[in-house]
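Beneath this line is the structure, given in structure tokens, with notes to follow.
Protein chains get the first letters and strands the later ones, always in sequence-line order, with residue 1 at the start of each.
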Amino acid sequence: MDFLSILSIFVLAVFVGYYVVWSVTPALHTPLMAVTNAISSVIIVGALIAAAAGAITEGGGISQWLGLLGVVLASINIFGGFAVTRRMLAMYKKKDKKPAASK
Amino acid sequence: MEHAVAATPAWAVLAYLVSGVLFILSLRGLSSPESSQAGNRNGMIGMLIAVGTTLALHPTGLPLIIGAIAIGGGIGWVIAQRIQMTAMPELVAGFHSLVGMAAVLVGCAAYLNPVAFGITDAAGAILGVSRVEMGLGVAIGAITFSGSIIAFLKLSGRMSGSPILLPGRHVLNLGVLAGILILTGIFATDSGAAAGQGPLLWIILGLSFLIGVTLIIPIGGADMPVVISMLNSYSGWAAAAMGFTLQNTAMIITGALVGSSGAILSYIMCKAMNRSFISVIAGGFGAEADAGGPKASGPAKSYKAGSAGDAAFIMQNAESVIIVPGYGMAVSQAQHALREMGDLLKKEGVSVKYAIHPVAGRMPGHMNVLLAEANVPYDEVFELEDINSEFGQCDVAFVIGANDVTNPLAKTDKTSPIYGMPILDVEKAKTVLFVKRSMGGVGYAGVDNPVFYADNTMMLLADAKKMVENIVKGLNGGGH
């Protein structure tokens, strides 16, 4: 892909992001931050490439270890981000279930 | 570009695209609580596809990679299970720092082993455009990292929340920023850098770490919702920059989504405080508070103090109560007791609603999560613009741990630092019950609140949680 095609995807995605995020209800802004955090860890793709390539190309030693460290950090984020979002979203309940306030 | 990137097979390109689309759907799901969990699942599937595709394309060194994923995943999983909901702001700040660091590591790895990333020309030199992307990606990543670390330290109370003002900080910051941009330009054109040599990238990296710190330390605690949103945005742009380097659509789409998401949240937060983004970034807000505050001084004004028993009696006999929670509720973990109080009142036939100001708490939507954690149904929780007109008809406004967001001076006093900020009109309720630790503190903006001294206000001076628990006791025992 050439630079201009990539730039086009990027610009369109910014607009998609703009409209999608405005439709997020303010009550879910904290989960929004947690989930955007998790998905921005897609940067793990770059870390994986470095870690994998370092194992076969010579002189890729440092690059491999940087990649592996990147994989660890991004994985913390991916698992942590999605799990904590899930935990938060499970708390949002509607009124219909009578809260058990009997003591 | 006839190297590894051009060799990316069509199925992989499509797989990354699918993963990008799933990330869009994951955010779209958050438009309502019902669809949100499905949205989160889409995000996980998208991530699984992106990681699976990458591993299938580069199936070497797998044992170490799987080990790295297991270590990171395990740590992340445990943190996510253990973290308290009140600690969510510092958790998110901490997570942002990791994204930033990961971006830095990827950028450096690409610089050291450009062939693996397919960013070299026929002669083996790193492409100029890739060097621009790399320089920017590493810079944004480093700023995200060190800025988020400072935000984390401030939010978790390990560092004072009050602004630290370096002399000449604007000149310093602008100078360093210009330096980073100029060096990135040189880095893109320098022949040594093309061969992967020379210290330019490392200097850019060092300056970016530095400016991340100096940008965030002057920003005070009350502006943290903006800072944390802004860092959210930066982490997205860092991922997008790396996506350009790798020519990976999943990364570019995600980076753009996260970048705009954080930018929109920053905008919403600034708007809710009637501050300009520039003035937040410039920092120092809340510092003038203890310095002078001529309008806050003067003779001690009289106010009415009440007890938990009085509050229980008033609310029992009310028809409608609107509860206004703020950061103080989070600090004292009063949300569970508060829900119990709400339940008891509802049993007595009182209508109970919750009113949330956009900047209540330390991050966007913080109060909503805490109330949800305490099992408050989300359809009893209202945003400022949806409920503000109801204060005029309600019997009791119960303010707990909020202050500036209820201050009517924002509407009238043009000299006030919070002038123009949209506020919750609690003073229009027949009775205002104001839970506050003491009469001493005056909120983050350092402004006195006339609601304290109004005839229809009763101050409930105590720790928020203790006060609510005592009110609950009063409601339980106070009946006939």
Side-chain angles (χ1 to χ4, degrees), chain A residues 1 3 9-10 13-14 16-18 20-21 23-24 26-30 32-33 35-37 39-40 42-43 45-53 55-56 60 62-63 66-80 82-86 88-89 91-95 99 101, chain B residues 23 27-28 30-31 33 36-37 40 43-44 50 54 58 60-61 65 68-69 71-73 75-77 79-80 92 95 98-99 101-103 105-106 108-109 112-113 116 232 235-236 239 242 246-247 250-254 256-258 260-261 264 343 364-365 368-369 372-373 377-379 383:
Chain A
M1 266 188 289
F3 179 75
I9 295 174
F10 175 70
V14 168
V16 170
Y18 179 85
V20 168
V21 171
S23 78
V24 172
L28 293 178
H29 276 163
T30 296
L32 171 69
M33 290 199 120
V35 85
T36 49
N37 209 294
I39 66 174
S40 61
V42 72
I43 200 150
V45 167
L48 287 171
I49 294 174
I56 44 169
I62 301 175
S63 173
L66 292 179
L68 283 170
L69 184 57
V71 171
V72 172
L73 297 185
S75 301
I76 295 178
N77 245 320
I78 292 171
F79 283 78
F82 281 125
V84 86
T85 308
R86 200 174 140 181
M88 277 192 274
L89 293 176
M91 292 171 182
Y92 284 80
K93 290 186 200 81
K94 256 194 145 155
K95 202 158 14 187
Chain B
F23 290 146
L27 299 196
R28 177 70 190 137
L30 292 174
S31 57
S36 60
Q37 280 169 308
N40 197 37
M44 293 188 221
T54 313
H58 308 271
T60 48
I65 289 176
I69 294 179
I71 294 171
I75 297 172
W77 180 261
I79 293 174
V92 168
F95 278 173
L98 297 182
V99 179
M101 198 47 172
L105 292 171
V106 173
C108 295
L112 295 173
N113 191 2
N232 186 226
S235 71
M242 286 300 141
L246 272 61
Q247 313 206 338
M251 281 169 82
I252 291 172
I253 293 176
T254 315
L257 286 178
V258 177
S260 25
S261 168
I264 290 174
D343 285 346
N368 303 78
V369 171
E373 184 200 12
Y378 63 79
D379 37 9
E383 301 301 318

Worksheet item: Ser36(B) versus chain A, heavy atoms under 4.5 Å apart: side chain, backbone, both or neither?
Response: both
Item to complete: Mind checking side chain to side chain donor-acceptor pair (under 3.5 Å) for Gln37(B) and listing every partner two or more places apart, or none if nothing turns up?
Response: none
Worksheet item: When only pairs under 4.5 Å are counted, which of Val99(B), Leu257(B), Val92(B), Ile253(B) shares the most heavy-atom pairs with chain A?
Response: Val99(B)
Worksheet item: What is the distance from atom CE of Met251(B) to atom CD1 of Ile9(A), rounded to the nearest 0.5 Å?
Response: 13.5 Å
Worksheet item: So, for Ala53(A) and Asn113(B), which heavy atoms are closest and what is the spacing to 0.1 Å?
Response: CB-ND2, 4.1 Å
Worksheet item: chain B: which of Thr85(A), Val35(A), Leu28(A) shares the most heavy-atom pairs with it under 4.5 Å?
Response: Leu28(A)
Discussion item. Heavy-atom pairs under 4.5 Å with chain B - which of Asn37(A), Thr36(A), Leu48(A), Val20(A) has more of them than the others?
Written reply: Asn37(A)
Worksheet item: CD1/Ile76(A) to CG/Leu98(B) distance, rounded to the nearest 0.5 angstrom?
Response: 5.5 Å
Worksheet entry | Nearest heavy-atom neighbours spanning Trp77(B) and Phe79(A) | N-CB, 4.2 Å
Worksheet entry | Minimal non-hydrogen separation, Val106(B) against Ala47(A), with atom names | CG2-N, 3.5 Å
Fill in: Check: Thr30(A) side chain, Gly365(B) main-chain N or O, donor-acceptor pair, under 3.5 Å
yes
Worksheet item: Excluding sequence neighbours, so at least two apart, what forms side-chain contact (heavy atoms from CB on, under 4.5 Å) with Ala250(B)?
Response: Val42(A), Tyr16(B), Ser19(B), Asn248(B)
Practice prompt. Please determine, among Leu69(A), Ile39(A), Val24(A), Val21(A), the option with the most heavy-atom pairs under 4.5 Å with chain B.
Written response: Ile39(A)
Worksheet item: Looking at Ala80(B), Gly61(B), Pro33(B), which has the largest count of heavy-atom pairs under 4.5 Å with chain A?
Response: Ala80(B)
Discussion item. Contact between Leu32(A) and Leu27(B) at the side-chain level, heavy atoms closer than 4.5 Å - yes or no?
Written reply: yes
Worksheet item: Any side-chain heavy-atom pair from Ile49(A) and Thr54(B) closer than 4.5 angstrom?
Response: yes
Worksheet entry | Portion of Met242(B) that has a non-hydrogen atom of chain A nearer than 4.5 angstrom | side chain
Item to complete: For each of Val14(A), Val84(A), Val16(A), Ile43(A), tally heavy-atom pairs with chain B at distances under 4.5 Å, and name the one with the top tally.
Response: Ile43(A)
Discussion item. Using heavy-atom distances under 4.5 Å, tell me whether Asn40(B) contacts chain A through its side chain, its backbone, both, or neither.
Written reply: both
Fill in: Atom group of Ser31(B) that falls short of 4.5 Å from chain A, counting heavy atoms
both
Worksheet, complete the sentence: One option among Ala74(A), Gly70(A), Ser40(A) has the most heavy-atom pairs under 4.5 Å with chain B, and it is Ser40(A)
Discussion item. Closer than 3.5 angstrom, by distance alone: can the side chain of Asp379(B) be matched with the main-chain N or O of Lys94(A) as a donor-acceptor pair?
Written reply: no
Worksheet entry | Best-contacting candidate, Ala13(A), Ala27(A), Pro26(A), Gly67(A), against chain B by heavy atom pairs under 4.5 angstrom | Ala27(A)
Worksheet item: If every non-hydrogen atom of Ser23(A) is compared with every non-hydrogen atom of Arg28(B), which pair is closest and at what distance?
Response: OG-NH1, 2.8 Å
Worksheet item: Name the one of Val71(A), Ile78(A), Val72(A), Leu68(A) that satisfies side-chain contact (heavy atoms from CB on, under 4.5 Å) with Ile69(B)?
Response: Val71(A)
Worksheet item: For chain A, which of Ala68(B), Cys108(B), Gly43(B) has the most heavy-atom pairs under 4.5 Å?
Response: Ala68(B)
